[in-house]
Amino acid sequence: MLHVNNVEAVYSKIILALKGMSLHVPEGKIVALLGSNGAGKSTTLKSISGLLSGEGGQITAGTIEFQGKKLNNITPDVIVKNGIFLCMEGRHVFRDLTVEENLMAGAYSRKDRTNIKADMEKIFVYFPKLKALRSRKAGYLSGGEQQMLAIGRGIMAKPKLLLLDEPSLGIAPLLVKEIFQIIKRINEEEGTSMLVVEQNANVALSIADYGYIMENGRVVMQGKADYLLSNEEVREHYLGIG
Ligand code: ATP
């Protein structure tokens, strides 16, 4: 479904952040993108979602293809219309808008406007905590609740592929598990394909089908999630979770 082939990306024309990055997200699957700080995970997501140029970056080699269509250097709004939605960390929700208004904002690009209300109620089934907070301004939510809202807003866009940037960041461990279980449930019930960038390899691989590990702008290890999780050498050498 999504093919990233040998992509090179630079910032400010000199900083080479991706050095031949490749990955594949098959339809309906969850793929985890792992690696330490600065490995290039966020740059990969920005390259796919068209946000790289907004940060002074550009793709200088390779291709990004989604459902057979080349996406290199296409603007973010067109990429959203093609069915790819990037869920940024929870603190990027609209703080002065209510939970409901944030969810409605997620649906702005949709062509079918008929089921929006029903879909919002479905979000409240996935995230019951948000239902009780539906009229509250997002700025008053906890970090975990904001993260849930960010994911809910992404689902409201009805994407074919959801890109998730560090869903566990700054969230209590128990809540992290809960959020990842909900992500898995959404993948199963909506059929949404997902590419999840995470520093928490254990939790991401526990719901993923396949995983890629990045170092220094490229993939250094990949495999089925259960293999990566259970292989001692991979855990110690690549994931640092021995
Ligand atoms: P993190 O988990 O810390 O976000 P990451 O794996 O997502 O790490 P990136 O943020 O993609 O890594 O960074 C890859 C490289 O690109 C790093 O060397 C980083 O310093 C550099 N970089 C990232 N964003 C910019 C930017 N806006 N301008 C210049 N260099 C950048």
Side-chain angles (χ1 to χ4, degrees), residues 2-25 30-64 66 71-76 79 84-93 143-144 146-147 150-151 154 161-173 175-176 179-180 183 194-208 210-223 225 228 234-235 237-241:
L2 175 78
H3 291 272
V4 174
N5 304 310
N6 270 311
V7 165
E8 276 182 20
V10 295
Y11 289 104
S12 315
K13 301 205 164 142
I14 45 167
I15 304 161
L16 191 54
L18 297 183
K19 305 171 183 170
M21 175 61 194
S22 298
L23 64 75
H24 172 213
V25 182
I30 301 180
V31 173
L33 182 55
L34 311 167
S36 52
N37 275 329
K41 306 180 298 296
S42 301
T43 304
T44 304
L45 289 192
K46 283 177 205 152
S47 302
I48 299 167
S49 54
L51 293 171
L52 199 59
S53 60
E55 301 219 3
Q58 81 189 98
I59 295 171
T60 48
T63 56
I64 297 175
F66 183 64
L71 293 187
N72 294 44
N73 302 319
I74 291 182
T75 53
I79 290 177
I84 299 180
F85 194 95
L86 171 65
C87 248
M88 311 251 255
E89 290 158 31
R91 54 193 172 79
H92 291 285
V93 293
Q146 287 181 351
Q147 188 61 59
I151 298 168
L161 172 66
L162 192 63
L163 310 173
L164 293 157
D165 196 2
E166 304 250 9
S168 80
L169 202 75
I171 295 172
L175 198 54
V176 168
I179 289 178
F180 272 78
I183 291 172
M194 301 192 178
L195 177 60
V196 187
V197 158
E198 254 303 330
Q199 297 239 10
N200 186 335
N202 266 330
V203 74
L205 289 173
S206 73
I207 65 154
Y210 200 85
Y212 292 87
I213 304 169
M214 284 188 85
E215 265 174 30
N216 206 7
R218 60 171 72 91
V219 171
V220 289
M221 182 54 140
Q222 59 178 291
L228 296 178
V234 173
R235 290 177 67 85
H237 186 71
Y238 292 103
L239 299 174
I241 50 177

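Remember, it's 1-based here, ligands and their atoms both numbered in the order they're listed.
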For the pair [X] (side chain) and [Y] (backbone), establish whether a donor and an acceptor sit closer than 3.5 Å, ignoring hydrogens and angles.
X: Glu198; Y: Ser168; value: yes
X: Asn72; Y: Gly62; value: yes
X: Glu55; Y: Gly57; value: no

Using a strict cut-off of under 4.0 Å between a residue heavy atom and any atom of ligand 1, list the qualifying protein residues by chain and number.
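Residues Tyr11, Ile15, Ala17, Ser36, Asn37, Gly38, Ala39, Gly40, Lys41, Ser42, Thr43, Glu55, Glu166, Gln199 each place a heavy atom under 4.0 Å from ligand 1, listed by chain and number.
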
Tell me, please, which residues at least two apart from Ser53 pass side chain to side chain donor-acceptor pair (under 3.5 Å).
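Checked Ser53 against side chain to side chain donor-acceptor pair (under 3.5 Å); zero matches.
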
Side chain to side chain donor-acceptor pair (under 3.5 Å) partners of Gln222, counting only residues at least two apart:
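With neighbours one apart ignored, the set is Tyr210.
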
Listing, residues 35-45 side-chain donor-acceptor contacts under 3.5 Å, not counting sequence neighbours, or none:
| unit_1 | atom_1 | unit_2 | atom_2 | d |
| --- | --- | --- | --- | --- |
| Asn37 | OD1 | Gln199 | NE2 | 2.7 |
| Lys41 | NZ | Gly35 | O | 2.9 |
| Lys41 | NZ | Ser36 | O | 3.0 |
| Thr43 | OG1 | Tyr11 | OH | 2.9 |
| Thr44 | OG1 | Gly40 | O | 2.8 |

